[in-house]
Amino acid sequence: AMTPSSRIMQQLLLDRLTGAADSDFAAKIEVWKRERDEAIKTNGANAGLKPLGEKEAALYCGRYFHPAFEDFTIELQDGALYFIYGSFKVKLVYTPEGTVRGFTAGLYPSWAEVTPCANGMFMMNSDSSLRYPFVKLG
């Protein structure tokens with residue numbers, strides 16, 4: 001995921017390389033701050049939700065593949081299930097809506113959601129509203 005600072009730098013470099021006037025990012029940064037603060041509140045509220053554990057391990061644990069993305073794994077660690085996608089690692093919990101998600105907090109809060117399907121898992125995250133099908137390996 002790109003942070004606001006990397007997006008701003010990308011746009012400024014593009015402006016300068018093409019000879020365009022530098023863009024004004026003040027309003028965009030304020031919108032991002034409001035969205036970030038709301039996500040931090042939402043993710044913080046979800047920190048106390050019921051985690052998935054050994055009972056769900058057989059259904060969720062494994063390595064999952066999609067040709068357009070990195071593989072992800074779901075592992076049982078210390079009695080809880082963790083979603084691991086590259087350097088992104090979150091504990092999976094049941095949300096009040098009945099979905100299974102993992103949340104991060106901090107300056108750039110994000111989440112990942114998994115849903116079992118016939119051959120693996122659907123995965124959706126805070127960067128996209130699309131549900132991508134991943135096939136379970138092994």
Side-chain angles (χ1 to χ4, degrees):
M2 292 183 69
T3 63
S5 59
S6 64
R7 290 176 199 256
I8 289 169
M9 182 58 71
Q10 182 182 50
Q11 186 63 50
L12 284 173
L13 287 172
L14 186 59
D15 287 348
R16 295 207 174 146
L17 287 172
T18 60
D22 287 349
S23 300
D24 178 16
F25 291 97
K28 292 177 183 177
I29 291 171
E30 289 308 311
V31 169
W32 176 80
K33 285 180 179 177
R34 282 193 304 276
E35 290 173 352
R36 178 206 58 199
D37 292 346
E38 186 59 35
I40 288 171
K41 278 194 274 183
T42 300
N43 290 359
N46 287 316
L49 295 176
K50 180 181 182 263
L52 280 71
E54 292 183 29
K55 184 175 81 173
E56 297 87 0
L59 178 61
Y60 286 89
C61 284
R63 184 170 166 219
Y64 298 89
F65 167 80
H66 187 288
F69 301 97
E70 292 179 49
D71 295 354
F72 72 81
T73 59
I74 297 177
E75 299 177 0
L76 180 64
Q77 297 178 4
D78 299 321
L81 294 186
Y82 286 85
F83 173 90
I84 305 163
Y85 185 70
S87 62
F88 183 81
K89 179 180 177 182
V90 289
K91 184 187 292 188
L92 293 174
V93 298
Y94 288 108
T95 68
E97 299 78 28
T99 61
V100 172
R101 284 190 175 185
F103 299 91
T104 67
L107 189 58
Y108 193 65
S110 58
W111 54 265
E113 178 177 306
V114 292
T115 308
C117 62
N119 296 320
M121 289 283 165
F122 284 113
M123 190 271 286
M124 183 168 66
N125 62 39
S126 51
D127 292 332
S128 172
S129 60
L130 299 175
R131 292 176 50 188
Y132 297 101
F134 281 71
V135 175
K136 190 170 188 174
L137 300 174

Can you pull the salt bridge (charged side-chain N to carboxylate O under 4.0 Å, His left out) pairs that have at least one residue in residues 85-102, sequence neighbours excluded?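 Sorted result for residues 85-102: Arg101-Glu113.
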Tell me the salt bridge (charged side-chain N to carboxylate O under 4.0 Å, His left out) pairs involving residues 128-138, sequence neighbours left out?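 Every candidate salt bridge (charged side-chain N to carboxylate O under 4.0 Å, His left out) pair involving residues 128-138 fails, so no pair, neighbours aside, qualifies.
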Sorted by chain and number, sequence neighbours left out, salt bridge (Lys or Arg N to Asp or Glu O under 4.0 Å) with Glu70 holds for none
Please examine the side chains of [Y] and [X], heavy atoms only from C-beta on, and report whether any two atoms are closer than 4.5 Å.
X: Phe134; Y: Phe69; result: yes
X: Phe88; Y: Thr104; result: yes
X: Phe103; Y: Thr95; result: yes
X: Leu49; Y: Tyr94; result: no

Output side-chain donor-acceptor pairs under 3.5 Å for residues 115-126, partner residues at least two apart or in another chain, one line each.
unit_1	atom_1	unit_2	atom_2	d
Asn125	OD1	Asp127	N	2.8
Asn125	OD1	Ser128	N	3.2
Ser126	OG	Trp111	N	3.3

hydrophobic_cluster_shared for [Y] and [X], side chain cutoff 4.5 Å:
X: Val93; Y: Val100; answer: no
X: Leu52; Y: Val90; answer: yes
X: Val135; Y: Leu130; answer: no

Where the side chain of Thr18 meets the backbone of Leu14, is there a donor-acceptor pair that is under 3.5 Å apart?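 Looks like yes, one N/O pair under 3.5 Å.
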side-chain contact (heavy atoms from CB on, under 4.5 Å) partners for Glu75, two or more places apart: Thr73, Gln77, Ile84
Identify each donor-acceptor pair in which a side-chain atom of residues 57-67 lies under 3.5 Å from a protein atom, sequence neighbours left out, and give them as a table.
unit_1	atom_1	unit_2	atom_2	d
Arg63	NE	Asp71	OD2	3.0
Arg63	NH2	Asp71	OD2	2.5
Tyr64	OH	Tyr60	O	2.7
His66	ND1	Ala68	N	3.0

